[in-house]
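For reference, the structure is listed below as structure tokens.
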Amino acid sequence: MDNNDILIRLRYALNLRDTEMVKIFKFGGVELTEETVRKLLIKSKETFRYNDDEVGDHDETENKEENIKCKNSTLESFLDGFIIFKRGKQEAKPGQPERPVLKNNENPNNFLLKKLKSALTLTSEDMIDILNEAGVTITKGELSALIRKEGHKNYKECGDKYARNFLKGIALKYRG
């Protein structure tokens, strides 16, 4: 699952409009137009799964609109902006360490879980319920390992299965 797919699924799950997406990116420190946001929300060729007979249709749509690949920094800005959008801006406290920056080669799934937990004010039990709603059973210990800081001895990298199903569960919870 690439970053564009994450944005597409988040937009659907949380029922966000293009204007809200632009506002969220702005809160995260990135100025984008609605047109640019729409281009970020186009699935890339690599994420399409299609049969040989559908290739012609896909190529025509790909030529009409060029998608923009969403970098980790862009996704991070969106998630930071989403926290501000949902909870309001929080002033940094003196002596507070800098927030970790998502590297371009790093898997964004763990970061996604942490940021959504914060933005939607979810408890671990809420997250477990959301994953159960999507058909994935996870223990509190396993979830804790996914949310830990990278480098911690109990840190576990979040696979696409958990991230995809978490977004599916959010869609089920918030869209009905």
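The figures that follow rest on heavy atoms only: side chains count, while hydrogens, waters and symmetry mates do not. Residue numbers run from 1 in the order of the sequence given.
Remark: the backbone N or O of C158 is paired with a side-chain donor or acceptor of N109 at under 3.5 angstrom. Looking at N4, its side chain does come within 3.5 Å of a backbone N or O of C70 through a donor-acceptor pair. In terms of modelled atom types and a separation under 3.5 Å, the side chain of S77 and the main chain of S73 share a donor-acceptor contact. Counting only distance, with no hydrogens or angles, the side chain of R11 and the backbone of L16 share a donor-acceptor pair below 3.5 Å.
Taking 4.0 Å as the cut-off between side-chain N and carboxylate O, D2 and K43 do not count as a salt-bridged pair.
Heavy-atom contacts from other residues, nucleotides or ligands closer than 6.0 Å to NZ of K26 number 12 or fewer.
Taking NZ of K115 as the start and CG of L75 as the end, the distance is 10.5 Å to the nearest 0.5 Å. Note that the CZ atom of F166 and the CD1 atom of I128 stand 11.0 Å from one another [nearest 0.5 Å]. Taking CZ from F85 and CZ from R87, the interatomic distance works out to 14.5 Å, rounded to the nearest 0.5 Å. Put simply, CG on D18 and CD on E34 are 5.5 Å apart, with the number rounded to the nearest 0.5 Å. Rounded to the nearest 0.5 angstrom, N3 CG and K69 NZ are separated by 6.5 Å. Interatomic distance, F111 CZ to I147 CD1, rounded to the nearest 0.5 Å: 13.0 Å.
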Take N165 and K168 through the side-chain contact (heavy atoms from CB on, under 4.5 Å) test and state the conclusion after the steps. CA-CA 5 Å; N165 284 301; K168 178 182 174 185; 4.0 Å; yes
Show the numbers, then the answer: is there a salt bridge (Lys or Arg N to Asp or Glu O under 4.0 Å) between E125 and K140? CA-CA 8 Å; E125 289 81 15; K140 199 169 186 175; 2.6 Å; yes
List the steps and the verdict of side-chain contact (heavy atoms from CB on, under 4.5 Å) for K117 and S124. CA-CA 8 Å; K117 180 180 181 185; S124 294; 3.6 Å; yes
Candidate pair L112 and L79, rule side-chain contact (heavy atoms from CB on, under 4.5 Å), full reasoning: CA-CA 7 Å; L112 172 73; L79 293 170; 3.9 Å; yes
Begin from the C-alpha positions of N110 and E150 and carry the test side-chain contact (heavy atoms from CB on, under 4.5 Å) through to its verdict. CA-CA 9 Å; N110 296 73; E150 188 174 3; over 6 Å; no
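Between T137 and N132 there is a side-chain heavy-atom pair separated by less than 4.5 Å. Between M21 and L41, the closest side-chain pair of non-hydrogen atoms falls below 4.5 Å. In this structure, L10 and F82 have side chains that are not in contact, with every pair of non-hydrogen atoms separated by 4.5 Å or more. No side-chain heavy atom of T74 sits under 4.5 Å from any side-chain heavy atom of I68.
In this structure, the side-chain contact (heavy atoms from CB on, under 4.5 Å) partners of I84, at least two apart in sequence or on a different chain, are F27, K89.
Annotation for A163 and M1: closest pair CB-CE, 3.6 Å, computed over non-hydrogen atoms. Of all heavy-atom pairs spanning L116 and L167, the tightest one is CD1-CD2, 3.9 Å. Residues R175 and A13 approach most closely at CG-O, 3.5 Å, considering heavy atoms. The two residues K114 and R148 make their nearest non-hydrogen contact at NZ-O, 3.3 Å. In this structure, L131 and Y162 approach most closely via the heavy-atom pair CD2-O, 3.7 Å. Between A134 and G169, the shortest heavy-atom distance links the atoms CB-N, 3.8 Å.
The list of ring pair (Phe, Tyr, Trp, His ring centres under 6.0 Å) pairs with a residue in residues 123-143, not counting sequence neighbours, is empty.
With hydrophobic clusters built from ILVMFWY side chains whose heavy atoms lie under 4.5 angstrom apart, L7 does not share a cluster with I83. Y12 and Y174 end up in different hydrophobic clusters when Ile, Leu, Val, Met, Phe, Trp and Tyr side chains are linked at under 4.5 Å.
Using modelled atom types and a 3.5 Å distance limit, the side chains of T123 and D126 yield a donor-acceptor pair.
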